[in-house]
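All remarks here apply to the structure that follows.
Each chain gets a letter, A, B and so on, in the order the sequences are listed, and its residues count up from 1.
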Amino acid sequence: MAASCVRTVGSFIGKCGHCSLGINTITSQVSRQVLNRQICVSSALHGKNIASMGPEKFTAEFIQKQVEEYNIGKRHLANMMGEDPENFTQEDIDRSIAYLFPSSLFVKEARPVMKHPDIIFPKQKAAQWGEDGRPFHFLFYTGKQAYYSLMHDLYGKILKLEKYQDRLKVKGLFSSEGKKASLGLSRWLTKEELEQLLVQPTSQQDYNHFIQLIERLLSMPYSGTEEEFILRYRYQLEAESRKQTVQPLQKDEKGVAFSSAEGRRKTSNSSVILRDCGSGRVTVNGQDYLHYFPFLQHREQLMFPLQFVDMLGRFDLQCTVSGGGPSSQAGALRLAISRALLSFLSEGDMENMRQAGLLTPDPRVRERKKPGQEGARRKFTWKRR
Amino acid sequence: MAVRTLAKGLWGLRQSRAVTIGYSCNGHHYSTAESIKVSQPEPNDVNEKVLSLPLEKPDFFRVSELFSLKDLFDARVHLGHKKGCRHRLMEPYLYGCRLEQDIIDLDQTVEHLQQALNFTAHVAYRGGVILFVSRRRQFSHLIENTAKDCGEYAHTRYWQGGLLTNAHIQYGVGVRLPDLIIFLSTLNNVFQQHVAIRDAAKMNIPTVGVVDSNCNPSLVTYPVPGNDDTPVAMELYCRLFKMTINRAKDRRRQMELLHGLSAPPSPPS
């Protein structure tokens with residue numbers, strides 16, 4: 001486990017700093033296998049059944065000790081690298097560990113790592129009851145206190161909203177188009193994310209009930225007052241269009257605005273220059289596109305981005321393409337045209353194009369043939385005898 | 001001391017039973033009617049004195065002042081279900097039947113409710129864990145809020161099988177089980193007796209329950225015959241229980257301050 005890794009690295013560095021290599025801690029190698037084997041041996045000696053003990057439980061004192069060791073180790077590491085211990089950030093730590101313990105393991109999680117214990121040790125439930133035995137949470141005896149307290153709060157909010165609506169109705173100010181919560185681009189948390197949030201396993205039924213209840217809260221008028229609460233249970237989808245790099249608009253000597261872009265599909269590479277002339281001529285590799293693409297379908301692929309934004313006759317296209325066959329060349333050109341068009345468009349149009357799939361490069365390539373089969377998927381004819 | 005509104009002969013007998021069960025609910029749930037352990041209060045042990053003082057008077061917490069018969073009538077506690085739904089064991093608690101609807105005898109209800117509230121107060125005074133249970137969805141939020149206000153616990157959701165009987169595995173080792181379970185409705189959503197009544201009887205946990213005319217009062221330690229369907233009646237019960245528990249806890253704090261105890265209240269073993 002990564003936990004064992006950290007313990008090793010942290011204690012190793014700490015002990016190095018104190019110049020006293022501990023006898024009972026593993027200080028030689030930072031390999032998971034060694035540490036794992038050591039633990040297994042000791043438990044077997046005690047005769048414990050590891051499988052029945054469940055997931056590891058970390059006490060609060062243990063985590064605290066790990067945090068102290070981490071902080072001390074961080075300072076020693078900074079001294080070792082000759083840097084300032086006060087401003088030693090996590091990136092510096094990662095860099096130093098990669099330098100001191102170079103590892104060519106393919107699995108990144110298996111390499112030596114030194115991070116804050118809160119990241120490494122999973123969040124665990126704190127003690128549920130005090131020293132007199134009385135549990136802290138008022139819904140402890142249900143067994144699923146986090147989930148049921150969430151449902152209780154949700155229902156409380158629904159009741160509050162209904163009372164607010166009644167008060168407005170009495171005053172005569174009620175309108176069914178009251179301020180509703182605006183969500184933006186987001187979706188409800190999945191069951192796994194909810195489980196992580198509550199630190200408690202949730203069943204599918206419970207999750208469905210929760211979604212039902214929060215949808216009900218959302219659908220009520222005046223749910224805008226509870227917007228902040230609702231947004232906590234929605235996962236914001238990053239607007240993908242923001243990741244798109246827009247080509248800058250350039251001007252050539254005559255003052256005509258043009259932009260250029262590249263596109264790829266299968267094995268074809270294309271590059272397109274889009275000129276804002278106003279004629280609608282298309283030149284591919286020096287030839288007219290009518291000659292280069294005899295098939296209607298390929299010419300339609302070329303024209304589709306312009307048709308989508310209703311700018312068919314506005315631009316002049318000068319394209320170069322190489323590699324692949326006619327269909328893949330047409331696809332590559334289409335992607336290049338869409339990308340070049342971006343510099344002439346607004347944000348909303350760009351989002352529409354992204355949703356239409358014009359800006360997504362097609363990842364499909366030819367699958368290799370495998371030995372023992374006739375093609376990539378086709379097997380040899382099966383003969384019974 | 002407050003004058004009791006009802007002077008019935010049974011009150012004294014019931015009160016001694018309350019003494020027994022109230023006294024031995026501190027972690028040992030082995031209470032029977034015969035084992036009346038009245039500890040001799042040692043003058044040098046202040047804690048024992050604080051615990052034994054409420055047991056000297058019959059209505060130490062003055063629960064009989066919290067409600068009257070008229071309050072119960074106004075909250076429609078006397079209305080039961082129809083004659084066809086009647087449970088055989090509820091017949092002694094019924095006053096009669098009017099137009100096929102059963103009417104619960106409020107004189108008996110007042111008696112039973114006073115005993116139940118008195119017992120709850122004693123349990124709360126000794127820092128016992130009280131669990132409110134009900135499976136009625138329309139009052140679930142109200143009951144959870146009541147429990148939150150008292151500082152006690154509530155369970156108005158689906159009852160998983162081993163919550164009481166399999167506690168060490170469900171919750172963890174060293175969990176403390178409730179010392180009193182209050183049922184604000186003894187039936188579950190399919191009109192069968194709630195599993196917790198049987199489980200509490202198995203684990204020797206005393207129960208207080210509002211039994212309607214279609215419920216089985218046999219396993220409940222302190223049954224309170226009354227209506228469990230009307231919102232007014234449920235609000236009344238919640239209010240009464242909340243007031244008794246808060247009163248008992250305040251009284252305990254007062255007694256400790258009076259006798260100069262610095263340690264936080266903990267039930268002596």
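With a 6.0 Å radius and a threshold of 12 heavy atoms from other residues, nucleotides or ligands, A/Arg187 has its CZ atom above the threshold. In A/Lys171, the NZ atom is not crowded: 12 or fewer heavy atoms of neighbouring residues, nucleotides or ligands sit closer than 6.0 Å. Taking a 6.0 Å sphere around CD of A/Glu228, one finds it holds 12 or fewer heavy atoms contributed by other residues, nucleotides or ligands. Shown here is A/Gln205, whose CD atom has no more than 12 heavy atoms of other residues, nucleotides or ligands within 6.0 Å. The environment of B/Arg136 atom CZ is dense: over 12 non-hydrogen atoms of other residues, nucleotides or ligands sit within 6.0 angstrom.
Note: A/Tyr155 OH to B/Ser140 OG = 8.0 Å, rounded to the nearest 0.5 Å. The line from CD of B/Glu144 to CE of A/Met151 is 10.5 Å long, rounded to the nearest 0.5 Å. Distance check: A/Leu139 CG to B/His155 NE2 gives 9.5 Å after rounding to the nearest 0.5 Å. Considering CD1 of B/Ile143 and NE2 of A/His152, their distance stands at 11.5 Å, rounded to 0.5 Å. We find the OH-NE2 distance between B/Tyr153 and A/His137 to be 10.5 Å, quoted to the nearest 0.5 Å. Between B/Tyr158 atom OH and A/Tyr148 atom OH the span is 9.0 Å, to the nearest 0.5 Å.
Residue A/Tyr141 is tested with B/Leu164, B/Val129, B/Val133, B/Leu163 for a side-chain contact (heavy atoms from CB on, under 4.5 Å); the sole match is B/Val129.
Side-chain contact between A/Phe140 and B/Val175 is present, with heavy atoms from C-beta onward closer than 4.5 Å.
A pairwise comparison of heavy atoms in A/Asp132 and B/Arg176 identifies O-NH1, 2.9 Å as the closest pair.
For a residue to count as touching a neighbouring chain, one of its non-hydrogen atoms must lie under 4.5 Å from one of that chain's; by this rule B/Gln160 touches chain A with the side chain only.
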